[in-house]
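I have placed the structure first, in the form of structure tokens, so that the comments after it can refer back to it.
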Amino acid sequence: MHISTPTGPAPGARARRAATALAVAAALTLVPAVPAAAAGAAAGATGGATAGAAPPVDLDALFIGAHPDDEAFTLSTLGQWNEDHDVRTGVVTVTRGEGGGNAVGPEEGPALGLLREAEERTAVGKAGVREVFNLDDVDFYYTVSAPLTDQVWGGDTLEKVVRLVRLTRPEILLTMDPAPTPGNHGNHQEAARLAIEAFHAAADPEAFPEQLREEGLRPFAPARLLTGGARGTSRTGPDCASTFRPANAAQNVFGVWSGRTSPSRGRTWAAVEREAQRVYASQGWAGFPDVPSDPAQLGCDFFTQVDARVPFPAPDSPAAAAPTAVLDGALTRASGTAPLGTLFGLRTSEFDVRPGTPFTVEVSAKAPPREPLGRSSVALRVPEGWQVSTAPSSGTTPKSTTSPSSGTTSPAPGAVSPGSGSADLGRLAAGRSGSATFEVTPPPGAALGRARIAATLTTERGGGYTDRQVEVVRSVRGAQQPLPQVAQYEQWTAETGVPQLRGLLTPVLTLPSGGTRQVGVQVTNVSDAPASGTVRVDLPPGFTADRTQAPYTGLAAGATTTLPFTVTNSDPTLKTSNEGGDYTYTLTTTGPDGTTTSRPALELVPATTVPQAPAAPAVDGAESDGEYGGPALDISRLWEGTACSSAADCSGTAKLTWHDDTLYVLVHVRDDVPGTRLAASDCKRHWRTDSVEITLDPRGTSENTSTTFKTAVLPATAEGPPCHLRDADNRQGPGEETAPGMRVASNVSAGAYTVELSIPLAVLPGAVDPAHLGLNLLVYDSDTQDRTGQTRIGWSTWGGVQGDPYRWGLATLPAYQPPPDRPTTPPDPIIPDTALSSLDSPQSLEQSVRVHVPPSGPASPPSQTARAISATAGHEAVRVTLRAASRGQAHLFVRDDRGTAGSRVVPIPTKGTTTVTVPLTRPLGTRPTVVAGWQSPDGGTAASQVPVR
């Protein structure tokens with residue numbers, strides 16, 4: 001698969017659609033999320049896997065991830081919810097993990113996807129989760145780039161997620177971290193962004209209208225949206241939820257303690273979760289250690305709320321620390337709260353608010369479809385010193401008040417301050433709504449940063465709480481220029497309407513040790529008038545700049561300008577990489593209404609000079625005199641896994657030189673316990689045993705590894721000689737095919753090995769810039785025979801660095817000049833594009849029959865569907881009779897108590913009744929059936945199942 005490389009954060013059609021969906025969903029805030037008791041009846045109109053089928057499964061919660069095992073660290077919570085409250089959770093897995101490794105066998109590609117799907121179904125089943133929905137997108141190599149993931153997956157993935165939400169109608173959506181946090185898999189980021197967009201788009205009748213028009217689905221608005229994990233600190237033990245302190249105090253974080261004992265299992269939920277995680281043997285998880293037996297040493301699963309359409313527990317209240325905190329308002333009802341089905345929301349006219357400048361807040365409530373709330377009112381709670389006035393509405397009288405100033409007694413969490421604004425909503429009959437608009441003004445001295453605007457609902461049937469974040473800013477703000485991935489993420493938060501998710505990362509830029517780079521400071525005027533001022537940088541010791549202060553003048557309202565500073569690492573002895581290479585500095589921006597400061601960071605990466613060799617070294621796995629004149633690079637620093645117990649356990653050095661148009665690399669590794677010797681055909685799984693990886697970014701500017709060269713060498717194989725390959729780069733595959741002319745040699749001895757290789761620079765994706773060659777050398781160490789690695793060391797070391805070209809080190813090649821006709825632009829990358837189809841997964845087809853949800857796609861319309869109507873066993877085959885309403889393709893599996901006993905994919909050329917013979921690969925076991933998948937001419941799918949007689 002060839003794709004165009006992402007070059008920047010240009011908005012895409014999906015983002016524009018999500019923004020439109022958000023606007024409509026905001027208008028539809030009062031579209032009810034169907035309560036659990038009514039959802040089954042409401043889902044009847046959504047259609048099923050085939051025409052006339054039963055209603056699709058009605059879910060309470062849906063976890064959306066990228067791969068099998070992404071949900072594995074939430075299973076303690078999902079299990080508790082299921083056992084204690086009968087919460088039915090489904091898992092959406094965008095891919096089946098076909099691009100990952102395999103520690104248990106030779107399967108790869110679709111066969112590995114089938115294996116990993118089976119692992120996932122078994123694992124989640126231990127937490128009471130039965131439904132796993134696969135979207136059939138391709139799993140390619142490890143990347144930290146969401147833009148690359150978006151391009152590889154294509155433009156229909158959001159549509160598939162929205163379809164599943166509309167079909168299964170979950171009240172709660174759970175997902176992963178959408179931010180480009182260092183080391184966060186780009187597939188995980190993208191899955192989370194899809195979930196967040198689907199929260200809005202599924203409620204929008206203008207989003208994917210063909211699902212409503214042609215498939216019979218209806219808009220559906222989930223009640224709450226949360227991401228797994230949280231940024232902050234907490235204690236272990238039963239009070240882990242109540243002691244959590246978020247890094248952003250305005251954020252709502254809820255925890256579920258994993259130390260509770262499951263009554264039916266007799267073990268802590270953490271132990272149940274660990275047992276489930278060990279099912280993922282293909283990923284090397286079978287050897288995960290036991291969790292602590294002392295519950296006091298067990299912590300919480302944390303969830304950070306992104307949005308909610310229903311009331312939820314107020315922060316710091318007992319309900320917010322309860323195991324049901326995420327369920328309350330959507331699936332469970334805490335004492336004294338409004339009935340389930342009550343909608344309660346708060347919207348602000350601005351996210352960025354300025355001291356002394358008013359903004360509006362709209363609070364809306366709606367009674368459940370069949371239950372009145374009676375006399376109702378809302379009250380707004382704002383930070384101390386902020387002014388609130390209620391605008392005339394529904395006959396209310398405007399009130400102008402100020403919240404208590406410093407020194408007064410603060411109200412209880414979630415309560416309304418005595419001076420806060422309030423409004424009467426009147427009597428809310430069943431299905432009726434009311435709203436109130438407030439004007440809020442931060443004081444001139446309001447603290448900068450995130451603040452919480454909260455509202456409480458009071459009704460005759462119970463109360464409720466909701467809130468939303470705003471950010472107090474000056475009229476002008478300055479920020480260090482973001483990395484491309486961060487810029488794209490920040491733009492996504494704006495286009496998707498989730499500004500509360502922006503600013504989660506400390507801005508960083510890398511700088512080579514002893515080197516110089518330009519650092520841009522982006523100055524943005526968020527006011528409605530031109531502005532002038534200055535930007536000042538205060539660098540830590542060991543760094544200098546060409547200037548410490550720069551002015552900006554006449555910056556137009558809403559405009560952004562970039563002020564360049566040339567920064568030099570004047571002390572090359574400073575630590576680099578994760579040994580202490582993060583150096584924060586102070587950025588001060590002045591504007592018409594005051595000063596703001598921020599604390600970005602410069603990250604030092606190692607640098608080296610690669611000398612020219614007078615003659616080409618012999619590639620023989622040994623260093624001869626005069627072959628390598630450059631310095632020996634220390635590649636012993638840990639970047640992931642277990643620390644080396646000693647230099648003998650794992651450590652290494654490397655030397656480089658170049659001659660003519662070829663780079664030569666010599667790596668010496670000390671390793672006292674060899675890992676598994678893989679077969680040469682399994683060379684691509686280099687991270688599962690002892691290996692060396694060399695990464696090269698030709699011009700040092702790549703946003704992701706699809707425009708780089710990455711090669712790995714196994715010093716020994718099961719057959720004896722070393723093997724090499726390219727992986728996770730511009731063109732993957734065996735080295736002989738993907739890097740013609742590259743040579744590899746090794747020398748393995750007791751307690752050590754040496755690998756030597758020559759890399760023709762012509763095989764790199766673009767001409768080398770001799771002043772800016774990105775370089776890294778990484779060592780993977782395994783001390784076991786179970787195809788799992790334990791330790792990763794290297795030269796430029798950060799978590800996830802193998803996918804982060806901007807964090808690789810810098811190499812210069814003095815006197816080297818690439819051929820003048822060699823292009824500097826990399827070719828389009830070749831990305832794996834083979835994914836397992838749900839139609840080729842009997843597990844997915846059996847689920848489709850059971851839950852009445854079509855296998856990864858729209859349901860076949862009645863005029864194009866088909867089903868199996870009978871199956872008869874013969875001596876060596878099963879005869880299956882199909883009834884088809886049109887031509888199409890049938891995917892047939894003979895199944896019994898031991899799995900699949902035969903399969904066949906056959907085209908059906910015309911409508912009518914057809915008999916197909918499916919050969920058996922073994923004798924049939926007990927309870928044999930045939931499960932049939934169907935693909936119609938327009939791509940719709942269906943599934944059916946019949947017993948074998």
Side-chain angles (χ1 to χ4, degrees), residues 33 35-36 39 59-65 70-71 73-92 124 127-129 165 168-177 192 195-196 199 221-232 234 238-244 246 251-260 269-270 273 299-335 337-338 340-345 413-414 464-468 500-501:
L59 296 178
D60 300 312
L62 188 65
F63 177 93
I64 299 174
D70 284 349
E71 80 298 313
F73 293 89
T74 65
L75 293 178
S76 164
T77 294
L78 301 186
Q80 290 184 59
W81 289 349
N82 177 259
E83 184 170 69
D84 298 341
H85 304 283
D86 200 27
V87 172
R88 189 169 187 174
T89 302
V91 174
V92 173
V124 301
V129 178
V165 172
T168 62
R169 305 174 78 79
E171 281 72 29
I172 294 171
L173 291 187
L174 304 173
T175 190
M176 310 184 78
D177 181 3
I196 292 166
F199 178 81
R224 297 180 67 180
L225 168 67
L226 304 98
T227 59
R231 293 168 169 83
S234 180
D239 61 349
C240 54
S242 61
T243 59
F244 183 81
Q251 211 166 41
N252 294 308
V253 176
F254 306 98
V256 181
W257 184 41
S258 66
R260 292 182 181 85
W269 276 106
E273 179 180 88
C300 276
D301 294 340
F302 287 106
F303 302 89
T304 300
Q305 184 162 283
V306 178
D307 210 341
R309 295 182 169 103
V310 298
F312 54 87
D316 299 323
S317 67
T324 57
V326 174
L327 308 178
D328 282 351
L331 296 167
T332 56
R333 183 183 182 186
S335 176
T337 61
L340 290 180
T342 299
L343 301 183
F344 189 39
Y465 171 90
T466 191
D467 64 31
R468 193 158 290 271
Q500 67 271 31
L501 294 178

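Numbering starts at 1 and runs along the sequence shown.
Taking the side chain as every heavy atom from C-beta outward, Asp70 and Phe63 approach each other to under 4.5 Å. Two residues are said to be in side-chain contact when any heavy atoms from C-beta on lie closer than 4.5 Å; Leu174 and Leu62 fail this criterion. Looking only at side-chain heavy atoms (C-beta outward), Leu331 and Leu340 stay at 4.5 Å or farther from each other. Side-chain atoms of Tyr465 and Pro311, non-hydrogen and from C-beta on, never get closer than 4.5 Å to each other.
Summarising the geometry, atom CD1 belonging to Ile196 is positioned 12.0 Å from atom CE belonging to Met176; distances are rounded to the nearest 0.5 Å. Rounding to the nearest 0.5 Å places NE2 of His85 at 8.5 Å from CD of Gln80. Between atom OG of residue Ser258 and atom CZ of residue Phe73 there is a gap of 12.0 Å, rounded to the nearest 0.5 Å. Taken to the nearest 0.5 Å, the CG atom of Asp239 stands 7.0 Å off from the OG atom of Ser234. Atom CG of Asn252 is separated from atom CZ of Arg468 by 10.5 Å, given to the nearest 0.5 angstrom. Between atom CZ of residue Phe312 and atom CZ of residue Phe344 there is a gap of 9.0 Å, rounded to the nearest 0.5 Å.
Shown here for Pro323 and Val256, the closest heavy-atom pair between the two residues is O-CG2, 3.8 Å. Nearest heavy-atom pair, Ser76 versus Asp301, reported as atom, atom and distance to 0.1 Å: CB-OD2, 3.5 Å. Between Gly299 and Cys240, the shortest heavy-atom distance links the atoms C-SG, 3.8 Å. When every heavy atom of Leu225 is checked against every heavy atom of Ala195, the shortest pair comes out as CD1-O, 4.3 Å. Between Leu75 and Glu273, the closest heavy-atom pair is N-OE2, 3.2 Å. Ala241 and Gly255 make their closest contact through CB-O, 3.6 Å (heavy atoms, listed as atom of the first residue, atom of the second, distance).
The ring-ring contact (aromatic ring centres under 6.0 Å, His included) test applied to Phe302 returns Phe244, not counting sequence neighbours. Considering only residues two or more places apart in sequence or on other chains, Thr304 meets the side-chain hydrogen bond (donor to acceptor under 3.5 Å, both in side chains) condition with none of them. Legend: residues meeting side-chain hydrogen bond (donor to acceptor under 3.5 Å, both in side chains) with Thr175, ordered by chain and number and at least two apart, are absent.
A distance-only check finds no donor-acceptor pair linking the side chain of Arg224 to the backbone of Asp307 [under 3.5 Å]. The backbone N or O of Thr89 lies less than 3.5 Å from no partner atom in the side chain of Trp81, so there is not a single donor-acceptor pair. Remark: side-chain polar atoms of Thr342 are not paired, donor with acceptor, to backbone N or O of Ala338 under 3.5 angstrom.
Arg309 forms a cation-pi arrangement with Phe199, by the criterion of a distance under 6.0 Å to the ring centre and an angle within 45° of the ring axis.
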For a side chain to side chain contact (heavy atoms under 4.5 Å, CB included) check, start with the C-alpha distance between Val124 and Glu71, then their side-chain angles and the critical distance, and finish with the verdict. CA-CA 8 Å; Val124 301; Glu71 80 298 313; 3.6 Å; yes

Assess whether side chain to side chain contact (heavy atoms under 4.5 Å, CB included) is satisfied between Asp60 and Ile172, documenting all intermediate values. CA-CA 6 Å; Asp60 300 312; Ile172 294 171; over 6 Å; no

Take Val306 and Leu226 through the side chain to side chain contact (heavy atoms under 4.5 Å, CB included) test and state the conclusion after the steps. CA-CA 5 Å; Val306 178; Leu226 304 98; 5.9 Å; no

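Residues Thr332 and Asp328 have side chains that bring a donor and an acceptor to within less than 3.5 angstrom of each other.
Salt bridge status for Asp177 with Arg231: present, with a side-chain N to carboxylate O gap under 4.0 Å.
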